[in-house]
Student: 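This structure is in structure tokens; I'll ask about it shortly.
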Amino acid sequence: MDRLTSFLLRRLAHVERRAVRRLAVRNGLLTMSTAVIDGHVIGRFSPAFDPSNLTGDAERDHQWVRDHLAGFLIEAPLDGHGRPVLVPAPPLWSDYLRRQPANTEATETAAHAYAVRVVAEAGYKPSVKPMATLLLLAAAMEQSGVALRDLGAVLRQPAPVFSVAVFADGFERALPQLIEVTDVVPYGPYTGVAADFAFNDDLWTWVDGETRRVFLQVPAGETNRPSRAALRGQLLRALADGTPVLAVAETHTGVPDQVDLTCDIRLTGAGIDRLLIADLLEAVYGSEAVMQNDSSIVRIDAGALTLDDLAIAIRPGRPILSSLDALSGLAALNREDKRDQKDEDKAASSRRLVTQSPSERREQTSRNPGNTDDRAVSTSTSSSQRKGKSKSKPTGAEVIQPEPVDDASTPTALRVETLRGYGAATAWALGLKVDLADYLGGELPWSQMSTKLLLSGPPGTGKTTFARALCNTLQIPLVVTSVSTWLQGEYLHDVLGRMADTFAEARTQAPSILFIDEIDGIGQRASASRSYSDYWNACVNKLLELLDGAMKTDGVIVVGATNRPTEIDEAIRRSGRLETHIEIPRPDIPTLAGILAHHLGADLDAVTASDTQIGGKP
């Protein structure tokens, strides 16, 4: 293990033990005072429990703390939004654990210092995945010739741009998570904001009870990779605000060119190899154990392993031989899976080729006289293109055509003009009706119209009714969908595909109205450290992309409805998206009278007539 690798691993362990001490202070297990020494603010920790319960045997004392004080070493519970509960229930102290009155003697000071170290060690949970991620980063720095001092100097500058390409499966997600969860990167702590069509203007933000420095995270994967135009806009905003930018890639697709050409630090690493595995095992088991099993480490197929495989196989407390056997087995499984996938792809190509008619095969052969595999791939491509043109994927959306508004034929047709209690929403709809007529007449461009609306209000206030009335008022089709309909997709790409296909269906009906019910169900973007954050962030970012696209496409009016407007991601309500927000209140007495009059129509006079008027006795 070289000096850089050793230093980074020691720093990782140091910051994680420091986090344990701070957590213990928040939970009441330790107390902290501050002192200024040579201009530096120094924190002094002391135990809030009686340290005389410790024996001086580190291993036994670590276990004693875990057995008796574990409740003080866990994070506060989280609410439904992933935020800590402000006032968690404190663990209960036993009488024999209470600390005795403070004593300033040297022996007491030494005992208190030892107690603080025991608490930090007992709560410290060495995690293999962050360690492996840090080792990959150190190897990339060595390979790229970037010194740690240079990296720190650039990090202190405003708006630094970093490009990191390490070809290890799982690295693209693991590095931002390492930066967010640990304090191993200086001048933090940090919180990442995804660059796919969503960014805020804050240089610092308040997260989990502390101030964090915002950095712009640029995804390099094909699924979430933003377009060049969108990425250009995000980079301009980030660099203008002095926000750090980080682009991470784990495949040979590489980071986006706009980041790669303008970055201050460019790191490239080869990925997981035997040297990295040896360093990781040394950090967990020690150098002597690694030397004794050097021959077994050499036989591991390191290139077939992922970061998750390392975390699964190597666990502190587990025998090193068991970890080596698990690494060899996981590597063999990964190689076998890749071979099976290749065989399956070849078999599928052959089946598609066989199912063609002889004339189709002769035509394909004449166009492409190459080898059989090339013909199969070309045939597969053309066949899939024909299928895509002939049959579109179902979106679950319902297309409603407007009812005629001729008063003679449909006097009770639902229209915005006849609704009661909608206030500003009615004014918005009637103004849109005038603008739509001017647009269809060529007098007003679509970009100058207000075509994005967010309707909110308690259940039963008529948000869906308003959408149907707007359809009749504007005399254009209404495409009705909901977030729950989108989420019926089995996998993430199915969900994103349903969303894109729904917007495409609305464009084919243009001019049209796209009504999205339960839009709060799309959720909010979360930190990469949260569970399933990549899934929900992808859904939010896809909706932001589609809303931007709808803004640039003439003829699509987007109306979202929700009962909980505060649960919607702020970026969805920004300019160019659902920027017009109108709340529909519960109806008052005059509004209820108007609603009843509308539904009763000609029967209103009979209902309101007195008994005398309808033949009753005076």
Side-chain angles (χ1 to χ4, degrees), residues 2-5 7-9 11-12 130 132-180 182 184-188 190-196 199 213-273 275-276 279 303 307 528:
D2 57 23
R3 292 181 59 187
L4 176 61
T5 300
F7 170 78
L8 291 178
L9 289 177
R11 174 169 174 79
L12 177 62
T133 304
L134 201 58
L135 290 176
L136 287 170
L137 183 63
M141 293 172 60
E142 290 284 355
Q143 182 175 336
S144 304
V146 177
L148 187 61
R149 179 179 300 176
D150 298 334
L151 192 65
V154 173
L155 192 59
R156 297 188 66 178
Q157 299 175 1
V161 181
F162 301 91
S163 168
V164 183
V166 174
F167 307 123
D169 190 4
F171 184 80
E172 184 174 328
R173 174 175 169 80
L175 180 59
Q177 190 171 8
L178 173 72
I179 296 173
E180 288 187 316
T182 70
V184 68
V185 178
Y187 316 119
Y190 295 87
T191 184
V193 177
D196 9 13
F199 188 61
R213 188 181 182 186
V214 176
F215 71 91
L216 184 68
Q217 179 184 344
V218 180
E222 293 295 338
T223 303
N224 298 325
R225 193 182 184 108
S227 64
R228 288 190 176 184
L231 180 57
R232 184 183 297 111
Q234 301 297 345
L235 287 176
L236 287 174
R237 295 180 61 183
L239 300 181
D241 294 335
T243 302
V245 177
L246 172 66
V248 187
E250 65 182 43
T251 64
H252 291 278
T253 304
V255 301
D257 294 337
Q258 291 161 304
V259 178
D260 188 59
L261 294 173
T262 59
C263 63
D264 301 299
I265 295 291
R266 182 183 293 104
L267 303 178
T268 304
I272 299 175
D273 55 17
L275 178 60
L276 181 135
D279 288 342
L307 282 174

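The structure displayed is predicted, hence computed values, not measured ones.
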Student: Any chance you could measure Ile179, atom CD1, to Thr191, atom OG1, to the nearest 0.5 Å?
Tutor: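 These two atoms lie 11.0 Å from each other.
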
Student: Can you tell me how far apart CG (Leu135) and CG (Asp279) are? Round to the nearest 0.5 Å.
Tutor: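 Spacing of CG (Leu135) from CG (Asp279) equals 6.0 Å.
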
Student: Report yes if the side chains of Leu175 and Val166 come closer than 4.5 Å at any heavy-atom pair, otherwise no.
Tutor: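 SC-SC contact between Leu175 and Val166 ruled out.
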
Student: Run the ring pair (Phe, Tyr, Trp, His ring centres under 6.0 Å) test against Phe167 and tell me which residues pass, sequence neighbours left out.
Tutor: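 By the ring pair (Phe, Tyr, Trp, His ring centres under 6.0 Å) rule, Phe167 matches His252.
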
Student: Is the backbone N or O of Thr268 less than 3.5 Å from a side-chain atom of Ser144, with the two atoms forming a donor-acceptor pair by type?
Tutor: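 Yes, Ser144 side chain to Thr268 backbone: donor-acceptor pair under 3.5 Å.
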
Student: How long is the straight-line distance from CD of Glu250 back to CG of Leu136, given to the nearest 0.5 Å?
Tutor: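 Between Leu136 CG and Glu250 CD, I get 11.0 Å after rounding to 0.5 Å.
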
Student: Is there a side-chain contact between Pro160 and Ile265 (heavy atoms, below 4.5 Å)?
Tutor: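 They are not in contact (no side-chain heavy atoms under 4.5 Å apart), so the answer is no.
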
Student: Among residues at least two apart in sequence or on other chains, which ones pass side chain to side chain contact (heavy atoms under 4.5 Å, CB included) with Val245?
Tutor: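 For Val245 the side chain to side chain contact (heavy atoms under 4.5 Å, CB included) partners, ignoring immediate neighbours, are Val161, Leu216, Val218, Leu235, Ala238, Leu239.
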
Student: Compare all side-chain heavy atoms of Leu267 with those of Phe162 and state whether any distance is below 4.5 angstrom.
Tutor: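 They are not in contact (no side-chain heavy atoms under 4.5 Å apart), so the answer is no.
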
Student: Check Asp264 against Ala159 and note the closest heavy-atom contact, atom names and distance.
Tutor: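 For Asp264 and Ala159, the tightest heavy-atom pair comes out as OD2-O, 4.0 Å.
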
Student: Rounded to the nearest 0.5 Å, what separates atom CE in Met141 from atom CG in Leu4?
Tutor: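 If I round to the nearest 0.5 Å, the distance is 5.0 Å.
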
Student: What's the spacing between Leu151 CG and Arg156 CZ if we round to 0.5 Å?
Tutor: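 It is 13.0 Å, given to the nearest 0.5 Å.
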
Student: Which heavy atom of Ala153 sits nearest to which heavy atom of Gln157, and what is that distance?
Tutor: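 Residues Ala153 and Gln157, closest heavy atoms: O-CG, 3.4 Å.
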
Student: Show the nearest heavy-atom pair for residues Gly271 and Ala168, with the distance to one decimal.
Tutor: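 Nearest pair, atom of Gly271 first, then Ala168: CA-CB, 4.2 Å.
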
Student: Between Thr243 and Val214, which heavy-atom pair has the shortest distance, and what is it?
Tutor: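 Closest approach of Thr243 to Val214: CG2-O, 3.3 Å.
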
Student: Donor-acceptor pair, distance only, cut-off 3.5 Å: does the side chain of Arg11 make one with the backbone of Val184?
Tutor: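 Such a contact is found between Arg11 side chain and Val184 backbone.
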
Student: Rounded at 0.5 Å granularity, tell me how far OG1 in Thr133 sits from CG in Leu307.
Tutor: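 Here the rounded value is 5.0 Å.
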
Student: Side chains of Phe215 and Gln217, heavy atoms from C-beta outward: is any pair under 4.5 Å?
Tutor: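 A side-chain contact under 4.5 Å exists here.
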
Student: On a heavy-atom basis, which atom in Pro186 and which in Leu155 lie closest, and how many Å separate them?
Tutor: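 In this case the closest contact between Pro186 and Leu155 is O-CD2, 3.4 Å.
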
